[in-house]
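Residue numbers run from 1 in the order of the sequence given.
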Amino acid sequence: MTTPALTKSSSADRAGDKIFSTATLVAGCLILAVLFLVAVFLIVQAFPTFLADPADLTGGEGFFGYVLPLVVGTLIAAVIALVIATPISIGVALFISHFAPRRLAQGLGYLVDLLAAIPSVVYGAWGVAFLAPQLTGVYQWLAKYLGWIPIFAPDPHTGVASNTGRTLLTVGIVLAVMVIPIITSLCREIFLQTPKLHEEAALALGATRWEMIRVAVLPFGRPGIISAIMLGLGRALGETMAVALVLSAGPLIASLVITGNQTIAAEIALNFPEAFGTRLSELIAAGLVLFVITLAVNMIARWIISRHKEFSGAN
């Protein structure tokens with residue numbers, strides 16, 4: 001026989017569950033609504049750009065002639081950042097989670113989290129004041145001995161690389177430093193969640209520590225690693241202040257060691273305050289393109305993760 005106290009407690013629990021489920025549903029719908037409203041705003045504000053005379057737009061070649069070099073520059077900078085940051089981040093995360101002593105691992109974990117909280121303008125100031133001048137000698141060497149490779153080709157007018165170091169390659173390195181803490185922090189938490197039974201079983205079968213990581217830790221963490229990389233890619237794609245401070249913008253070029261190239265986010269940040277009329281719509285249209293690219297990246301990441309979700313601690 002149920003007592004009144006138990007009945008009252010059960011009713012309160014059911015009410016709490018209903019309130020919580022309703023709140024989570026509202027929160028999820030609110031996110032979708034905000035995303036939809038942002039997309040509608042961008043489309044409405046950018047629509048005049050697609051109807052404008054190509055001669056009235058920047059470059060005089062139409063919107064796609066204007067935005068295509070920005071898209072290419074944005075993707076190149078993001079790819080450079082990921083190529084540099086991904087192996088370093090995974091290595092640091094593995095060291096913290098499986099190799100470092102506990103006290104050292106805790107300190108390194110706090111340090112990584114602290115680096116992730118540094119504002120982007122600080123990274124940009126460090127890049128333009130310290131990193132760029134230090135890389136000028138490296139760029140001169142690359143242009144002299146590897147200039148036959150298009151990405152290291154020197155300036156055709158001067159025959160040398162950039163004397164300031166404010167190039168797209170420097171931007172990629174700065175973005176890599178910015179996304180390393182994010183990827184490292186997420187990968188570390190994922191590696192720590194690897195089932196101990198999987199690790200102990202591999203070691204019991206005679207595997208070395210690296211073999212155990214290769215057969216147990218990395219397969220388990222693959223979806224999470226992909227998610228961390230895609231999150232870092234989103235940070236690199238949308239970064240504004242660091243790119244605006246470091247990069248000496250110019251037209252699209254193949255070489256990464258001379259002045260040139262630009263990204264969508266930096267283009268908007270530098271020109272939006274003074275823009276009006278068609279120029280304002282043009283910048284908003286560029287933002288719409290970046291919005292679509294970011295959405296596509298997230299959809300691709302979801303698709304990749306869904307293909308590897310079968311390996312988890314639950315099964």
Which atoms form the tightest heavy-atom contact between [X] and [Y], and what is the distance?
| X | Y | answer |
| --- | --- | --- |
| C187 | A228 | SG-CB, 4.0 Å |
| G232 | V179 | O-CG1, 3.4 Å |
| V128 | V246 | N-CG2, 4.0 Å |
| A116 | P181 | N-CB, 3.5 Å |
| S97 | L192 | CB-CD2, 3.7 Å |
| V174 | A242 | CG1-CB, 4.3 Å |

With [X], which residues qualify under side-chain hydrogen bond (donor to acceptor under 3.5 Å, both in side chains), at least two apart?
| X | answer |
| --- | --- |
| S185 | D113 |
| Y123 | none |
| S162 | T164 |
| N298 | none |

Any chain of hydrophobic side-chain contacts (each under 4.5 Å) joining [X] to [Y]?
| X | Y | answer |
| --- | --- | --- |
| L186 | I226 | no |
| I300 | L295 | no |
| W148 | V257 | yes |
| I173 | W126 | yes |
| L256 | I84 | yes |

What is the distance from atom [atom1] of [X] to atom [atom2] of [Y], rounded to the nearest 0.5 Å?
| X | Y | atom1 | atom2 | result |
| --- | --- | --- | --- | --- |
| I80 | T170 | CD1 | OG1 | 9.5 Å |
| F152 | Y145 | CZ | OH | 15.5 Å |
| L233 | I182 | CG | CD1 | 11.0 Å |
| L218 | L94 | CG | CG | 6.0 Å |
| I183 | I90 | CD1 | CD1 | 8.0 Å |
| F64 | F50 | CZ | CZ | 6.0 Å |

Once side-chain hydrogen bond (donor to acceptor under 3.5 Å, both in side chains) is applied, what residue pairs with a partner in residues 253-263 remain, sequence neighbours excluded? none
Should [X] and [Y] count as side-chain neighbours, where that means a heavy-atom distance under 4.5 Å?
| X | Y | answer |
| --- | --- | --- |
| V92 | I180 | no |
| V160 | D155 | no |
| F191 | I96 | no |
| F272 | I284 | yes |
| C29 | L25 | yes |
| S120 | M178 | yes |
| M212 | T208 | no |
| I258 | T167 | no |

Selection residues 235-248 - residue pairs positive for salt bridge (Lys or Arg N to Asp or Glu O under 4.0 Å), sequence neighbours left out: R235-E239
All pairs passing salt bridge (Lys or Arg N to Asp or Glu O under 4.0 Å) where residues 199-221 contributes a residue, at least two apart: K196-E199
If you apply the rule side chain to side chain contact (heavy atoms under 4.5 Å, CB included), what do you find for Y139 with L142, and how did you get there? CA-CA 5 Å; Y139 292 163; L142 290 173; 4.3 Å; yes
Expected output: side-chain [X] to main-chain [Y] donor-acceptor under 3.5 Å:
| X | Y | answer |
| --- | --- | --- |
| S21 | K18 | yes |
| Q140 | A161 | yes |
| R166 | L245 | yes |
| T240 | A265 | no |

Applying side chain to side chain contact (heavy atoms under 4.5 Å, CB included), name anything that partners [X], two or more places apart in sequence or on another chain.
| X | value |
| --- | --- |
| V122 | I118, P119 |
| V44 | V40 |
| V289 | F63, V67, V71, I264, I293 |

Just by distance, no angles: are the side chains of Y66 and E267 close enough, under 3.5 Å, to form a donor-acceptor pair? yes
May I ask you to decide if the ring planes of F99 and F95 are parallel, tilted or perpendicular, using 30° and 60° as cut-offs? parallel
Residues in ring-ring contact (aromatic ring centres under 6.0 Å, His included) with Y110, at least two apart? none
For W210, what residues pass the ring-ring contact (aromatic ring centres under 6.0 Å, His included) criterion, not counting sequence neighbours? none
